[in-house]
2 protein chains.
Amino acid sequence: MAKTRRILKWQRDPEGMRLRILEAAKAEFAAHGLAGARVDSIAKQAGANKRMLYYHVGNKEDLYLEVLEGAYEKIRAEERGLDLEHLEPPEAIARLIDFTWNYFIQNPEFLALLNTENLAKARHLKRSTKVKSMHSPFVEMIRTVVTRGVESGDFRAAVDPVQLYISIAALAFFYLSNSATLSVIFGRDLLSKDARDERLEHMIALVLAALTGKSITALGKSKAPKLQVTAQQVTRFVVPGLTRDP
Amino acid sequence: MAKTRRILKWQRDPEGMRLRILEAAKAEFAAHGLAGARVDSIAKQAGANKRMLYYHVGNKEDLYLEVLEGAYEKIRAEERGLDLEHLEPPEAIARLIDFTWNYFIQNPEFLALLNTENLAKARHLKRSTKVKSMHSPFVEMIRTVVTRGVESGDFRAAVDPVQLYISIAALAFFYLSNSATLSVIFGRDLLSKDARDERLEHMIALVLAALTGKSITALGKSKAPKLQVTAQQVTRFVVPGLTRDP
DNA sequence: CGTGAAATTAACCCGTTGGATAAATACTGT
DNA sequence: ACAGTATTTATCCAACGGGTTAATTTCACG
């Protein structure tokens, strides 16, 4: 026949479409922020029509909130998979730092989304019951690790787990989130493989030195020999596929 | 006469106008980011007309870059005023942390502007010869302080001054820049006076403990007496409000 | 004074953008 | 097959927002 046989034009795929929309939205919001994101751009990137966004998710802000919630869900899920219970306290902390670092490296949109939400003074997050109920397991993990460390004598002093958690996140987050401006200021590429390795080593050395009182190498001077837990060991242990973009 | 005597409508003030425009632009860009900022809003906030922005500065991006450069100029100027040469190494580091912390607290727009610029992958900063020539004096200050500290025995090991500089900035920057989302997540106000004091103490304790090897109180437990604090005590002391909201 | 440049205002232009409407097409169950 | 609903497409639009044009007013200087 002439009219019906014009090749199938499209097929239904609600879930798939929804996922593609959210994925595209995540990329767009991460790249341009909330105000800078373009709804049409998200639609095109999702291989869809703008109308689809409103049909499947809602308006721009709904879309944004859903993306944000998804981002928190994802990191919380991965956090739960990291059990530090069976490790010696210093190794547990090193592992925690290593995880945080690599998660941020592999999920740069997460950093951008958090910055965007903070620019908005967490306006959306406050309205999200979902996110507020997703507690990070890290605080409790850290608390028990620190307690164990103090009791075993590995650590000299106790730390508020929330402060430590924030500090570990800070050391990694700031470096990566601000790598663009910092690279310009310092005139060197902070995202090169060497620079990243050096940074990870420095962070682990700094925190462990503070906690244990033992000097770990030279506070993160790269190619250092392997006394105690070196960053290389940990890195090799946790992160096989660290390489990044072209 | 009826027509000429209608009270003076406006007076000339080029420099003043320019300053008010830049001040208003700083506030607007800091509050909404580059894409979210509204040119009309800046004009109104400056007590001016939109046309004035273009007359005195240039288009939106010129305006933004000028604001950004001004922000860097300001912090660099204050940094230069801080001489750490005559202080004992540990005190110099503590002073540096204290300065960074308080500067960030008193200039929150600076944090927002940096985040905005990083979202733009430092696109504007790269084009700014002005900023690229404004090196922070801190890196060299830190280098000499660390060297002195190692020689005097105050510090156990040398650190890359750039890494240390970034780490100090990170500990303060992340906490403040992300205080909105963190406050929601942890269910407590991280910007209260007590919380801020506690944070400052923690940062100083963390860095100095790592550098000197000596345990400074209990890694930043606030009003705590100088007895070695046990984990239980810390837990009880720090975590009263860890339970989550409604 | 009065005149010309500098500073400021008022009004308009026009592409963009978030959002809405309505029509078309694919599936599902019967 | 067929009806009814779920999904998708094709347009449309009113508001917004950056930028411009042109007219108006102030002031320094002769």
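The sequence lines fix the lettering, A, B, ..., with proteins before strands; numbering per chain opens at 1.
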Quiz prompt | Atom-pair distance (CD on B:Gln11; C1' on C:dT9), nearest Å | solution = 16 Å
Self-check item: Atom-pair distance (CZ on A:Arg20; P on D:dT7), nearest Å
Solution: 13 Å
Exercise. Take the protein atom CG of A:Asp40 and the nucleotide atom C1' of D:dT11, then report the distance between them rounded to whole Å.
Key: 13 Å
Quiz item: So what does B:Ala37 touch, heavy atoms closer than 4.0 Å: a base, only the sugar-phosphate, or nothing?
Solution: sugar-phosphate
Quiz item: Distance check: side-chain N/O of A:His56 vs OP1/OP2 of D:dT8, anything under 4.0 Å?
Solution: yes
Quiz item: Nearest to the side chain of A:Arg38, which nucleotide is it out of C:dT17, C:dC27, D:dT8?
Solution: C:dT17
Practice problem: Rounded to the nearest angstrom, tell me the gap between atom CG in B:Leu34 and atom C1' in D:dG18. | Solution: 12 Å
Quiz item: B:Val39 has a side chain; which of C:dG18, D:dG18, C:dT8 sits nearest to it?
Solution: D:dG18
Quiz prompt | Electrostatic pair B:Lys26:B:Glu23 at N-O distance under 4.0 angstrom | solution = yes
Quiz item: To the nearest angstrom, how far is A:Ile42 atom CD1 from C:dG18 atom P?
Solution: 8 Å
Quiz item: Closest to the B:Tyr54 side chain: C:dG18, D:dT25, D:dG18?
Solution: D:dG18
Quiz item: Hey, are A:Glu140 and A:Arg143 close enough for a salt bridge, meaning a charged N less than 4.0 Å from a carboxylate O?
Solution: yes
Quiz item: Between B:Asp197 and B:Lys193, does at least one N-O distance fall below 4.0 Å, as a salt bridge requires?
Solution: yes
Quiz item: Can you check the B:Asp13 CG to D:dC27 P distance for me, whole Å?
Solution: 10 Å
Practice problem: Write down the distance between NZ (A:Lys44) and P (D:dA10), rounded to a whole number of angstrom. | Solution: 14 Å
Quiz item: Under 4.5 Å between any side-chain heavy atoms of A:Phe99 and A:Glu79, yes or no?
Solution: yes
Quiz prompt | Nucleotide of C:dT8, C:dG19, D:dT9 approaching A:Arg51 most closely (side-chain heavy atoms) | solution = D:dT9
Quiz item: Looking at C:dC27, C:dT8, D:dG19, which one has an atom nearest to any side-chain atom of A:Arg12?
Solution: C:dC27
Exercise. Check the distance between D:dG17's P and B:Lys50's NZ and give it to me in whole angstrom.
Key: 10 Å
Practice problem: Among D:dT8, D:dG18, C:dA10, find the nucleotide with the atom closest to the side chain of B:Asn49. | Solution: C:dA10
Exercise. Among C:dG18, D:dT7, C:dA7, find the nucleotide with the atom closest to the side chain of A:Tyr55.
Key: D:dT7
Quiz item: Is it true that B:Arg123 and B:Glu61 make a salt bridge, defined as a side-chain N closer than 4.0 Å to a carboxylate O?
Solution: yes
